[in-house]
Amino acid sequence: MRDSYDFRSIEQKWQKKWFTSRDFQVTEHSDRPKYYALEMLPYPSGKLHMGHVRNYSLGDAVARYLWMHGYNVLHPIGWDSFGLPAENAAIKNNTHPEKWTLDNIANMKRQCMRLGISYDWSREVTTCFPDYYRWNQWFFLRMFERGIAYRKKGIVNWCNVCQTVLANEQVEDGRCWRCESEVEKRELEQWYFRITDYAEQLLQDLDQLQSWPEKVITMQRNWVGKSVGAQVRFSLEGDDEPIEIFTTRLDTIFGATFMVLAPEHPRVAQLLTHHPDGEKAMEEVRKYRAQQSQIREGGESEKLGLFSGSYAINPFTHERIPIWIANFVLMEYGTGAIMAVPAHDSRDYEFAQKYRLPIRRVIEPDSSSGSETAHPETSQDSLPYCQYGRLIDSGAYSGLTSEEALQKMYALIKAEGIGEPTVTYRLKDWGISRQRYWGTPIPIIYCPDCGAVPVPDDQLPVRLPRVENIKLGVSPLATVAGFLKAPCPKCGKSGKRETDTMDTFVDSSWYFYRYCDPDNSRMPFAPEKVKYWFPVDQYIGGVEHAILHLIYMRFFTKVMRDLGLVTWDEPVLNLFTQGMVTKDGAKMSKNKGNVVDPDEFVDLFGADTVRLFILFAAPAEKDLDWKETGAEGCFRFLNRIWRVFSNYEASIGQPCGEVQPRTENDRKLLRELHQTLQRAGQDMSRFHMNTAIAAVMKFLNSLYDYDERVAEKNWPLLRNVFEKMALILSPFAPHFCEEIWERLGHQGNISFQHWPQADPVWLAEEQIEIVVQVNGRVRGKLLVPAGIDEESCKKLALEDRRIQSYLAGKAIQKMVYVPGRLLNIVVP
RNA sequence: GCGAAAGUGGCGGAAUUGGCAGACGCGCUGGACUUAGGAUCCAGUGGGGCAACCCGUGGGGGUUCGACUCCCCCCUUUCGCACCA
């Protein structure tokens with residue numbers, strides 16, 4: 001790398017300047033319009049990986065680009081610093097989670113600084129500090145007051161080897177991510193957030209998120225999983241207590257030939273007491289339950305079921321139908337019981353075939369609506385038929401369409417009191433309890449008399465006590481006597497603190513509000529500060545957060561709105577999901593040993609090159625394969641600029657007069673410069689960083705061309721060229737551009753200069769090239785004056801010898817003329 | 001199985017509204033400068049053919065003067081969901 005520009009000293013110089021003179025610190029007091037650029041806050045796992053570098057390079061390009069457009073840009077960073085990995089690392093390395101975490105933060109902060117990202121470091125938020133997590137507790141208490149935070153028994157993932165609850169994300173293919181033993185389901189008492197109360201809003205307000213990726217919207221919509229249907233009570237034969245089922249296809253109820261309960265359904269045990277061989281049946285049911293509690297390993301497992309011995313009455317046909325218990329019905333969804341309509345549901349059909357249960361067709365394709373080519377259906381082979389259609393063999397409803405029948409049937413069940421139209425959601429309440437140490441203590445004291453009592457606000461934060469020697473199998477906080485015992489805030493009697501901590505997704509649900517007012521000790525944030533900065537104008541992060549984090553933060557904002565803290569429904573206007581950084585096509589992971597360390601490449605090429613390459617190598621939303629030779633190419637590009645700049649520096653270093661193009665070469669270069677400005681600006685506003693950079697590279701080639709063929713250089717022009725190049729490249733390679741900017745005799749941070757606009761005068765070409773086609777094939781090109789009219793252009797084309805040879809005296813059928821573009825001559 | 005996105009040179013990728021396919025970069029080939037080149041500069045680089053020219057955007061149809069782009073069918077890959085009643 002001999003002869004390369006001295007990126008080490010240049011980058012150090014500017015980083016020092018930016019951060020000591022606090023160039024990027026912002027306040028709400030500005031006459032510029034505000035812009036909030038946000039990147040997902042990192043988990044401090046040790047060192048930055050290339051995914052972080054990509055995220056922050058993108059965010060920084062956006063932030064600096066907007067500064068140059070006159071905005072007051074908030075661009076903060078923080079650390080999502082509670083969580084399991086810290087605890088695991090502590091156990092493994094015999095250290096403390098706090099030390100491990102703070103060391104990692106220090107290292108990663110150094111790495112961020114080294115990349116020259118324009119963060120406002122005065123707003124750094126660290127979620128494991130009491131001045132942050134006390135507000136988690138504060139939010140918890142507000143939610144507790146409103147019944148949004150509540151305690152209930154729930155099914156959780158339990159690893160018997162590690163003796164702990166696992167988050168869903170920590171269960172991979174039904175096994176514990178650490179010890180790979182099978183995960184069980186356990187019933188435990190846990191704290192929950194009633195996110196289901198917001199299910200409808202979370203769904204509805206997706207419409208406000210016009211510039212979120214379609215993919216994320218779809219994933220969220222599916223996650224909330226709304227189904228419109230009805231709950232219907234089926235009375236039992238010889239039993240007063242009916243069983244309620246949920247269906248979205250009430251129109252098929254005349255075809256309901258049996259009922260199926262989930263193995264966990266509360267009525268199962270009671271029903272089986274009437275079973276001739278109840279013991280054995282119960283044994284079978286336990287098998288199903290055990291099977292269900294393991295998470296199934298992909299694909300559907302075989303449907304198994306047994307007859308309960310009891311019968312229900314179909315409220316529409318008044319027929320008695322057998323009640324079965326089967327492994328394919330889920331207790332968690334709907335009512336845990338279904339009416340089975342084998343003719344019109346593929347699962348019911350499969351089950352009915354296996355156990356030889358009656359199948360009755362009640363819907364047929366609606367030939368009157370739709371383009372259905374009316375096959376004379378021979379019922380058997382076209383079943384199950386799962387679409388809407390027209391009802392048959394359905395009593396008074398026969399002949400109606402599904403839609404018509406549904407409305408009438410909903411009305412009937414309501415009138416008869418046997419059911420009601422219902423909406424169900426897949427979304428479940430958010431279980432936030434973790435039997436772990438490194439997290440926010442839940443601010444609750446259990447009093448033998450008063451029950452679960454909230455810790456009063458003035459006693460916040462409930463500090464996380466220091467626990468040495470964290471062990472498995474023991475809830476760490478329960479081992480700290482000084483923490484565990486606490487007087488009941490209501491009656492003063494001796495009580496016990498909650499020893500569970502909060503899910504770390506709570507921390508990341510509102511951190512971006514805290515950035516607006518990070519030092520507030522009276523409130524999570526001052527509403528007026530948040531009001532100034534919000535909503536987030538651009539959020540950038542990995543698509544892996546499409547569901548959890550991005551739904552939780554939307555939920556939190558809605559709760560905050562209901563608490564009167566904010567006035568909007570949605571916190572983030574625009575979301576951009578970047579692609580992954582891979583190596584040799586595979587996700588980087590320690591196991592595979594293909595992790596690329598950013599530090600190594602910053603050492604080798606400098607931060608500007610690394611940033612440039614990571615934005616250039618692929619469109620930002622797609623996966624990017626890290627290639628060292630590619631990074632070298634970007635390094636070469638910066639060096640090429642540097643080389644030609646160094647040659648000219650003495651002549652253009654100081655302002656040297658007006659730009660006056662004198663020759664055709666001058667004019668050509670100037671035109672190309674302005675075309676580049678145009679292109680780069682357009683591309684950046686569309687997040688097409690790769691093509692924006694390509695445009696500048698292309699321009700550099702023109703500059704080399706100019707350098708080679710023009711002996712008498714136009715210094716004012718070249719000065720202008722370097723100014724503009726430095727400006728448009730500065731969001732990507734800021735140190736490099738600052739240096740050039742300074743050497744051109746300018747003062748002041750280049751990111752606060754105006755983005756250079758293309759001058760329309762120089763965008764207009766005097767001569768344009770018209771493509772001439774014959775029958776759609778390119779047969780020639782004409783250089784014509786820009787304002788040429790259609791007739792002269794056609795005339796020129798027909799006079800062209802080459803074109804004539806293709807026409808060969810044939811009669812012209814048609815000529816298609818696209819002004820400024822092409823002429824297509826059609827001949828037989 | 002359902003849903004979404006995507007398939008373009010040796011590779012990463014370009015191509016506002018249908019209008020010169022392959023910008024830009026990597027790699028490769030040749031040359032220059034050099035004791036040297038893994039530095040730099042210049043030239044070339046989709047395939048076939050000496051050439052004129054022909055063929056080329058996963059495959060097959062279609063619409064159009066004109067299709068990477070629009071429509072229909074099929075194949076492949078990636079991602080998401082996965083017994084949701």
side-chain hydrogen bond (donor to acceptor under 3.5 Å, both in side chains) partners for A:T248, two or more places apart: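 Applying side-chain hydrogen bond (donor to acceptor under 3.5 Å, both in side chains) to A:T248 gives none.
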Under 4.0 Å protein heavy-atom contact, by nucleotide of nucleotides 25-31 of chain B - B base, S sugar-phosphate only: SSS----
With A:Q675 via side chain to side chain contact (heavy atoms under 4.5 Å, CB included) - residues at least two apart: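 Per chain and number, A:Q675 pairs via side chain to side chain contact (heavy atoms under 4.5 Å, CB included) with A:E672, A:L763, A:E765.
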Can you give me the N/O atom pairs linking the protein to nucleotides 62-68 of chain B at distances under 3.5 Å, or say none if there are none?
residue : atom : partner : partner atom : Å
B:rC65  : OP1  : A:K814  : NZ           : 3.2
B:rC65  : O2'  : A:N824  : ND2          : 3.2
B:rC65  : O2   : A:N824  : ND2          : 2.5

Gap between atoms CG and C1', on A:D625 and B:rU77 respectively (whole Å):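 Roughly 16 Å, once rounded to whole Å.
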Measure all distances between protein nitrogen or oxygen atoms and nitrogen or oxygen atoms of nucleotides 79-81 of chain B, and list the pairs falling under 3.5 Å.
residue : atom : partner : partner atom : Å
B:rC79  : O2'  : A:K215  : NZ           : 3.1
B:rC81  : O3'  : A:R426  : NH2          : 3.1

Select one nucleotide: of [options], the one nearest the side-chain heavy atoms of [X].
X: A:V778; options: B:rA85, B:rC54, B:rA21; value: B:rA21
X: A:K622; options: B:rG13, B:rA85, B:rC20; value: B:rG13
X: A:Y704; options: B:rG19, B:rC41, B:rA85; value: B:rC41
X: A:R821; options: B:rU17, B:rU16, B:rC41; value: B:rU17

Those residues that, when tested against [X], pass ring-ring contact (aromatic ring centres under 6.0 Å, His included) (two or more places apart):
X: A:F616; result: none
X: A:Y704; result: none
X: A:W626; result: A:F601, A:F613

Do any N or O atoms of the protein come closer than 3.5 Å to N or O atoms of nucleotides 43-52 of chain B, and which pairs are they?
none

Touch class at under 4.0 angstrom, heavy-atom based, for A:E769 against every strand present: base
Touch class at under 4.0 angstrom, heavy-atom based, for A:R686 against every strand present: base
Heavy-atom neighbours of A:K428 NZ exceed 12 at 6.0 Å: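 Incorrect, the count does not exceed 12.
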Closer than 4.0 Å, any side-chain N/O of [X] to the OP1 or OP2 of [N]?
X: A:S227; N: B:rA85; value: yes
X: A:R679; N: B:rU16; value: no
X: A:N690; N: B:rA14; value: yes

In a table with atom names and distances, give each donor-acceptor pair under 3.5 Å that connects a side chain of residues 575-582 of chain A to protein atoms at least two apart or in another chain.
residue : atom : partner : partner atom : Å
A:Q578  : OE1  : A:N55   : N            : 3.2
A:Q578  : NE2  : A:G51   : O            : 3.4
A:T582  : OG1  : A:L624  : O            : 3.3
A:T582  : OG1  : A:D625  : OD1          : 2.7

Stem segments of RNA chain B by first residue number [Watson-Crick or G-U, under 3.5 Å, at least 3]: B:1-7 with B:75-81, B:10-12 with B:24-26, B:27-32 with B:40-45, B:46-48 with B:53-55, B:58-62 with B:70-74
Any side-chain heavy-atom pair of A:L391 and A:I363 under 4.5 Å: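 Yes. Closest side-chain heavy atoms under 4.5 Å.
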Pairs flagged by salt bridge (Lys or Arg N to Asp or Glu O under 4.0 Å) wherever residues 680-689 of chain A is involved - sequence neighbours left out: A:R679-A:D683, A:D683-A:R686
